[in-house]
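Structure record follows, encoded as structure tokens.
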Amino acid sequence: HFKHDDTAAVVGTGKLGILIAQAIASTHTPVVVLGRRADAFPRFQERGLQTGLVSDMLASGRKFSLVVDCTGSANGFDSALNMTRPSGTLVMKSTFAGNTDANLTKVVVDEITLVGSRCGPFRIALQLLATQLVSVDGLISHRFPLEQAAEAVKMAASP
């Protein structure tokens, strides 16, 4: 649940970032999608989402009440943490191999709520898809009937 003065950032420009940013935008909460390269931004901009470079946002010092990290990298987590305002919430939607050098003292000193989230409420997700508040256009490369499940799994495993 968002308050009227909340601001949100989604850090990560993959498919997960597209879905999460649209879900947040459906609540009328201002959201900006941040990535390392501008060439990933058109997929977001065509959905009416604001975009920006992580480096520019970090340099500006801007902070958000909600930051969602879906980068899959330790550096992405560190960037997301540094964009979370005091008393804000940082949601970790992805995992990464290894450890992070992020300064976790910041979580305590700034009283940041850190939330691990693997999956969200499916009922709400299905409603957002059914009402087309979240679009999967351009995110699905293949469709298979159930009888071809083995072939679908093989296709998904290929680069």
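As the structure is a prediction and not an experimental result, all values here were calculated from the model.
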request  = List the steps, then state whether side-chain contact (heavy atoms from CB on, under 4.5 Å) holds for T51 with V32.
outcome  = CA-CA 5 Å; T51 57; V32 61; 5.6 Å; no
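- Residues K93 and I20 have side chains in contact (heavy-atom distance under 4.5 Å, counting atoms from C-beta outward).
- Using a 4.5 Å heavy-atom threshold, the side chains of T89 and V91 count as touching.
- Contact check for V10 versus I24: side-chain heavy atoms found under the 4.5 Å cut-off.
- The OG1 atom of T29 lies 13.0 Å from the CZ atom of F64; values are rounded to the nearest 0.5 Å.
- Hydrophobic clustering, with ILVMFWY side chains joined whenever heavy atoms are under 4.5 angstrom apart, keeps L16 apart from F122.
- Looking at V136 and L129, their side chains come closer than 4.5 Å, going by heavy atoms from C-beta outward.
- To the nearest 0.5 Å, the span separating CZ on R62 from CZ on R85 amounts to 11.5 Å.
- The CG atom of L90 sits 12.0 Å away from the OG atom of S65 when rounded to the nearest 0.5 Å.
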ask   = How far apart are the C-alpha atoms of F44 and Q50, what are their side-chain angles, what is the distance that settles it, and do they pass the side-chain contact (heavy atoms from CB on, under 4.5 Å) test?
value = CA-CA 7 Å; F44 295 89; Q50 182 183 354; over 6 Å; no
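- Here the NE2-CD distance, from H142 to E151, works out to 9.5 Å after rounding to the nearest 0.5 Å.
- Taking a 4.5 Å side-chain heavy-atom cut-off between Ile, Leu, Val, Met, Phe, Trp and Tyr, the cluster of L53 extends to F41.
- Cluster annotation: V68 is connected to V33 through the hydrophobic network of ILVMFWY side chains, with a link wherever side-chain heavy atoms come within less than 4.5 Å.
- Looking only at distances, a side-chain donor or acceptor of T84 sits under 3.5 Å from a matching main-chain atom of A80.
- The two atoms that bring N82 and K63 nearest to each other are O-NZ, 2.6 Å, heavy atoms only.
- S135 and Q22 are not linked by any side-chain donor-acceptor pair at a separation below 3.5 angstrom, with hydrogens and angles left out of the test.
- Under a hydrophobic-cluster definition in which Ile, Leu, Val, Met, Phe, Trp and Tyr are linked whenever side-chain heavy atoms come within less than 4.5 Å, directly or via other members, V115 and I112 are assigned to different clusters.
- Judged purely by distance below 3.5 Å, without hydrogens or angles, the side chains of S73 and N75 never pair a donor atom with an acceptor atom.
- Pairing each heavy atom of V11 with each of G76, the nearest pair is CG1-O, 4.3 Å.
- Atom CG of L114 is separated from atom CZ of F77 by 5.0 Å, given to the nearest 0.5 angstrom.
- Under a hydrophobic-cluster definition in which Ile, Leu, Val, Met, Phe, Trp and Tyr are linked whenever side-chain heavy atoms come within less than 4.5 Å, directly or via other members, L66 and M83 are assigned to different clusters.
- Here the CG atom belonging to D69 is positioned 6.5 Å from the CE atom belonging to M92, to the nearest 0.5 angstrom.
- Taking both residues in full, the closest heavy atoms of L81 and A102 are given as CD2-CB, 4.2 Å, listed atom of the first, atom of the second, then distance.
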message = Working note: L139 + L19, criterion side-chain contact (heavy atoms from CB on, under 4.5 Å); need CA distance, chi angles, decisive distance, verdict.
response = CA-CA 10 Å; L139 302 181; L19 297 172; 3.8 Å; yes
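- Using a 4.5 Å cut-off between side-chain heavy atoms of Ile, Leu, Val, Met, Phe, Trp and Tyr, with links allowed through other members, V31 and I18 fall into the same hydrophobic cluster.
- Of all heavy-atom pairs between L58 and S79, the closest is CD1-OG, 3.7 Å.
- The two atoms that bring R43 and E46 nearest to each other are O-CG, 3.4 Å, heavy atoms only.
- When the salt bridge (Lys or Arg N to Asp or Glu O under 4.0 Å) test is applied to D101, no partner is found at least two apart in sequence or on another chain.
- Here the closest heavy-atom approach between residue A25 and residue L49 is recorded as CB-CD2, 3.8 Å.
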